[in-house]
Each structure stands twice: as structure tokens, then as C-alpha cells.
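Here is the structure we will look at, set down as C-alpha cells.
The first residue in the sequence is number 1, and the count goes up from there.
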Amino acid sequence: MSKAAAATADDGSNLLSWQSRQRRVVTVYLPLICFVVILLFPFYWMTVTTFKPNAELYDYKNYNPFWVVSPTLANIKKLLFETSYPHWLFNTMLIAVCSTVLSLVASVLAAYAIQRLRFKGSAYVGLAIYIAYLVPPSILFIPLASMVFQLGLFDSPFALILTYPTFLIPFCTWLLIGYFKSIPYELEECALIDGATRLQILRQITLPLAVPGLISAGIFSFTLSWNEFIYALAFISSSENKTVPVAILTELVQGDVYQWGALMAGSLLGSLPVAIFYSFFVDYYVSSLTGAVKE
């Protein structure tokens, strides 16, 4: 090959490399950076506002709204010691954990029955359960409110613990149906031949293999229970029984006065448990969703 041809080939490869690099920046890195900035900016704003004194919060002429000049813990101190925020946090945790456990138990039994028992019309039952998840909560609000009042559960944690599964169970059941499909049925057939019952198979074979799916359904249920607002606003009236999403809005806003420092502190502290819980199980969450969608 002549020197001219070699130089032309090198220039062509460099041009292709430069074009591919530019294309990667435009199609991958730039959208990813925009997505991360848009996604993380609310958390950054909450953090900055939490540690700002009132003088900086309301004086944008002399202070940068995107930065803290004199950090303070007064807002967190006010939230934790001058309000019932620790009790609201406990109520939210209790309701989220109980509704998650209840939803997982019901979803496991429903998903296993639909996927493994193979009764006539099981596929349509699974589809109907998922369609039930698509029903807006505002439509279910009136009948659920009637039942809550008739059972005497109004203004108690049980009102939320028993109503949250109405939108948690359908999605968790659909998710677990897809994950149970990925478990070889031959394992259960061998156990049936050995004389195991269905409950023994579910407890000793299926559930240990479906741990990623259970973790994914648990994260989903816990997150939705933690952040739910409509039912918590409608079924809880007393301050001591409120959850964090409702309490920080109804208790920290007095008339037209917004306590922005305490509001942002409550929002920031309220989002930390979900973020920490999610960070521990993110790999299981992604793998189980992939398996469910693939099936």
C-alpha cells in the first residue's frame, strides 16, 4: 500500500472515529446529563432550602437562590422538635410496612394460583387483575369511603392499611405472574411426584427462587404506600394519625403562610427512607422487572 493510500485510510478512520464520538455525545451523554439534572434538581432544591435561614429564603436580591451562604439546622430542629413529624413518620412507616406485607401475601397466592394451577380461564383472570390496576384511585374513592365509614375505620391507620392493597395487589400479582413463568415447572412436578403439597412447593421451592420478584413487588408496594396522598387525605382527619405526605402540607401551611424551610426539610427527610430502601435492592428490582416483562 502506498503512503498516500495509507494516509487516506488513516484520515478515513479518524473521521469515522470522530463522527462516532460526536454521535455518542449527542445521542447518549447529552440526553443522559439532561435527564440526571432534571431528575436530581428537585432533591438539590429541597436540600438547599432545608439549610437556608429565612433571611436567605426571601431575599433573592442579596443572596443566590441556588446556594447557601450561612447554613443552619433551624428548619430541621423546628420540624423534629416543634411539630409531630416523628410521629407522622412512624405512622407512615407502620402503614407502608403493613400494607406491603398484606399485599405481598395476597399477590403471591393469587399469582401462584393463576400461573401454576392452570385452571380454565386463568389467563383472562390475570388480565382482569392487571386491568383493575389501571382503574384510577379517584373512581374507587367513593365506594372505599363508604366501606371505611360503615366499618368504623375512619381516622385510623387501619383505614389506609386495608385500602392501599386495592391498588397494590393487582400490579404485584401481574409482576409475580411474569416472574413465576421464568421458574421451570419441572421442579414442581418432581416435588409433586415425591408427595409434596402445593403449599409445601410454594414455600420451599417457588418462593426461594422468586426472591428477586418478591423484592421488586415489595419495593413497588412500599414506595406507593409511602407516597400515597388521596386516601390519606380523605380517610385521616386528626393530626396525630396523619402520614408524612399529608401532614407536611396540611400542618406546615397555615392559611397563606408557607413555612418553606420546614416544608422542604420534611420532604427531604420523608424521601430518604424510600431512597435508602431502594438503593439496597436496585439490582433485584431491575432483574425482576426484566423477567416479568420478557415473559
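Residue F90 qualifies as open at atom CZ: its count of foreign heavy atoms under 6.0 Å is 12 or below. Enclosure of atom CZ in F43 is not indicated, since only 12 or fewer non-hydrogen atoms of other residues, nucleotides or ligands lie within 6.0 angstrom. At most 12 non-hydrogen atoms from other residues, nucleotides or ligands lie less than 6.0 angstrom from CD1 of I142.
By the 4.5 Å heavy-atom criterion applied to side chains, L160 and S99 are not counted as neighbours. The shortest distance between side-chain heavy atoms of F235 and F158 does not fall below 4.5 Å. In this structure, the side chains of P86 and F81 stay at 4.5 Å or more apart for every pair of heavy atoms. At a threshold of 4.5 Å between non-hydrogen side-chain atoms, the residues Y164 and S103 do not count as touching. In this structure, L202 and L109 have side chains that are in contact, with non-hydrogen atoms separated by less than 4.5 Å. Between T163 and L140 the shortest side-chain heavy-atom distance does not fall below 4.5 Å. In this structure, F220 and L175 have side chains that are not in contact, with every pair of non-hydrogen atoms separated by 4.5 Å or more. Using a 4.5 Å heavy-atom cutoff, the side chains of L89 and L269 are not in contact.
When all heavy atoms are compared, the tightest approach of S271 to M46 is OG-CE, 4.4 Å. The nearest pair of heavy atoms linking T223 to V274 is OG1-CG1, 3.8 Å. Here the shortest heavy-atom pairing between A234 and F154 reads O-CE1, 3.3 Å. Listed here is the closest heavy atom pair of E188 and I201: CG-CG2, 3.5 Å. Counting all heavy atoms, side chain and backbone alike, K52 lies closest to N75 at O-ND2, 3.0 Å. Closest approach of L102 and P165 over heavy atoms only: CD2-CG, 3.8 Å.
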May I have the step-by-step check of side-chain contact (heavy atoms from CB on, under 4.5 Å) for Q200 and I205, ending in yes or no?
CA-CA 8 Å; Q200 289 175 334; I205 297 177; over 6 Å; no

Step-by-step side-chain contact (heavy atoms from CB on, under 4.5 Å) determination, K242 to T250
CA-CA 9 Å; K242 290 182 178 180; T250 58; 3.0 Å; yes

Item to complete: Could you walk me through whether V246 and I236 pass side-chain contact (heavy atoms from CB on, under 4.5 Å), step by step?
Response: CA-CA 9 Å; V246 175; I236 302 295; over 6 Å; no

task = Decide side-chain contact (heavy atoms from CB on, under 4.5 Å) for V97 and F222; before the verdict, give the C-alpha distance in whole Å, the side-chain angles of both, and the deciding distance to 0.1 Å.
result = CA-CA 7 Å; V97 170; F222 184 84; 4.1 Å; yes

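In terms of modelled atom types and a separation under 3.5 Å, the side chain of N227 and the main chain of P245 share no donor-acceptor contact. E56 places no side-chain N or O within donor-acceptor distance of the main-chain N or O of V68, the cut-off being under 3.5 Å. With hydrogens and angles disregarded, a donor-acceptor distance shorter than 3.5 Å links the side chain of Y44 to the backbone of F66. Checked by atom type and distance alone, the side chain of S216 never pairs as donor or acceptor with a backbone atom of P212 at under 3.5 Å. With hydrogens and angles disregarded, a donor-acceptor distance shorter than 3.5 Å links the side chain of W226 to the backbone of G270. Looking only at distances, a side-chain donor or acceptor of Y85 sits under 3.5 Å from a matching main-chain atom of G266.
No chain of hydrophobic side-chain contacts below 4.5 Å, direct or via other Ile, Leu, Val, Met, Phe, Trp or Tyr residues, connects F35 to W45. One hydrophobic cluster, built from ILVMFWY side chains closer than 4.5 Å, cannot hold both L104 and L199; they sit in different ones. In this structure, L252 is a member of the same hydrophobic cluster as L73, with clusters built from ILVMFWY side-chain heavy atoms closer than 4.5 Å. Both I230 and V148 belong to a single network of hydrophobic side chains, linked directly or stepwise wherever heavy atoms of I, L, V, M, F, W or Y lie under 4.5 Å apart. Taking hydrophobic clusters as Ile, Leu, Val, Met, Phe, Trp and Tyr residues chained together by side-chain heavy-atom distances below 4.5 Å, I276 shares a cluster with V244.
One finds the CZ atom of R198 at 8.5 Å from the OG1 atom of T206 (value rounded to the nearest 0.5 Å). In this structure, L94 CG and S225 OG are separated by 11.5 Å, a value rounded to the nearest 0.5 Å. Put simply, OG1 on T50 and CE on M264 are 7.5 Å apart, with the number rounded to the nearest 0.5 Å. The distance from the CD1 atom of I177 to the SG atom of C172 is 11.5 Å, given to the nearest 0.5 Å. Rounding to the nearest 0.5 Å places CG of L233 at 9.0 Å from CD of E228. Between atom CG of residue L144 and atom CG of residue L162 there is a gap of 10.5 Å, rounded to the nearest 0.5 Å.
Between F141 and Y231, the angle of the ring planes stays under 30°, which puts this pair in the parallel group of the 30/60° scheme.
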